[in-house]
Amino acid sequence: MTVSPPAPAVGHLGGLAAQSRAAVLDRTEERLDALLGAERSRWAAVDPRAAVPVDAIGELIRAGGKRLRPAFCAAGFLAAGGELSDPRVVDAAAAIEMLHAFALIHDDVIDDSDLRRGAPTVHVRHIERHRARGWQGEARRYGEGIAVLAGDLAFSYAGQLIQELPAGARLVWGRLVSEMIIGQHLDVTVAAESLPDPKLARYIANAKSGHYSIHRPLELGAAIAGDSTSAAAFEAYGTALGEAFQLRDDLIDTYGDAEAVGKPVGLDAEQHKMTLLVSLAALRDARVGELVQAAEWDGAALAEALTSSGVRAEVGRRIDELVVQAHDALSAAPISEEWKRELADMATSVAYRDH
């Protein structure tokens, strides 16, 4: 099994900092490839059916993705003075990508999403397989069961990959995982309650996405390098950029192009997600408040109302402010000027992406 290297996650490939980060990501792909290949051979020797969840993980990872989290882990490690040859940062970056596969597979079941990275999601693919072969039982329960187990297996692989990390890094890992899972739980619960609470929405965005995508990967990389002096600056940078990342996600889901995104847009509205974007608008605009109390949300009407209420523009301005905050946080970071420039470039790339 060969894992295709993705396009550069964020930033550019011009400077030495970006080149060293890209080198870590190349080795991360090799690590993922080796792990999945070995596991597929191991389980296929038992029975071809036993390799199905391994294949599900491999197909998702091969489909690409931004490799955002491994990129920030590598950046945190290298900016903090880590040695490029250290294999532990590769294990950590691979673990984060494997954890992301776990989260995506389960998230697609939770959201009943049909597509991920331009291909059918794991549960949909196995629902269709069950139906096509006329197997016993309920196709939906079978497909979702396979997806849950594949996600669990990815979580197990992530745990294997972090075993050799130093104690401080494993502590960061534990926080990263628990924040992401609790944030996802709150996201589901608040959606069910249709609760427009901007403060809670901001917390959820940071817990399930911001900390998990930016802050904790940076902190994890620095912890592997044995550095604690950059922790405060990385937290300020990562928290601001993490919120900007999630706000951009909200805008992409509401106004984005499904072909560019590689998955359906409008899922937040379909799943009644009380994003920060929606929460702000629901409290400000009576029409939005009425739309989000309906049994079925009208995605097109909601998008139009978010624009006419001014919240879409406000969120755009908030992203600008957060990028400035992230850049300002770097000024106090005890890292080289080259890494300050590289992390500033990464912030801009993340906050203003279109997919």
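Side chains are part of it too, since the values below use all heavy atoms of this structure and drop only hydrogens, waters and symmetry mates.
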Problem set entry | Salt bridge Glu97-Arg67, side-chain N to carboxylate O under 4.0 Å | yes
Problem set entry | Considering all heavy atoms, the nearest Met274-Ser279 contact | O-OG, 3.5 Å
For this session: Give the minimum heavy-atom separation between Leu35 and Leu161, together with the two atoms involved.
Result: CD2-CD1, 4.0 Å
Seminar exercise, completed: Minimal heavy-atom distance between Trp297 and Leu291, with the atoms involved, is CD1-O, 3.5 Å
For this session: Among residues two or more places apart or on two chains, list those pairs meeting salt bridge (charged side-chain N to carboxylate O under 4.0 Å, His left out) that have a residue in residues 184-205.
Result: Asp187-Lys208, Asp187-Lys273, Arg202-Glu243
Exercise. Would you say the side chain of Tyr237 lies within less than 4.5 Å of the side chain of Leu343, judging by non-hydrogen atoms?
Worked result: yes
Problem set entry | Test applied, side chain to side chain donor-acceptor pair (under 3.5 Å); reference residue, Arg216; option that passes from Glu179, His211, Glu235 | Glu179
Exercise. For Val52, what are the other residues in its hydrophobic cluster, where any two members join if their side-chain heavy atoms are less than 4.5 angstrom apart?
Worked result: Trp135, Tyr142, Ile146
Problem set entry | Carboxylate-amine/guanidinium contact Arg27 Asp91, below 4.0 Å | no
Exercise. For Asp250 and Tyr255, what are the C-alpha separation, side-chain angles and deciding distance, and is it a side chain to side chain donor-acceptor pair (under 3.5 Å)?
Worked result: CA-CA 9 Å; Asp250 294 347; Tyr255 301 102; over 6 Å; no
For this session: Can you establish whether the number of heavy atoms outside Glu164 located under 6.0 Å from its atom CD is more than 12?
Result: no
For this session: Could you tell me which non-hydrogen atom of Gly151 sits nearest to which non-hydrogen atom of Phe102, and how far apart they are?
Result: O-CD1, 3.2 Å
For this session: Please assess Leu247 against Arg318 for the test side chain to side chain contact (heavy atoms under 4.5 Å, CB included), listing each intermediate value before the final yes or no.
Result: CA-CA 9 Å; Leu247 287 172; Arg318 176 60 178 164; 3.7 Å; yes
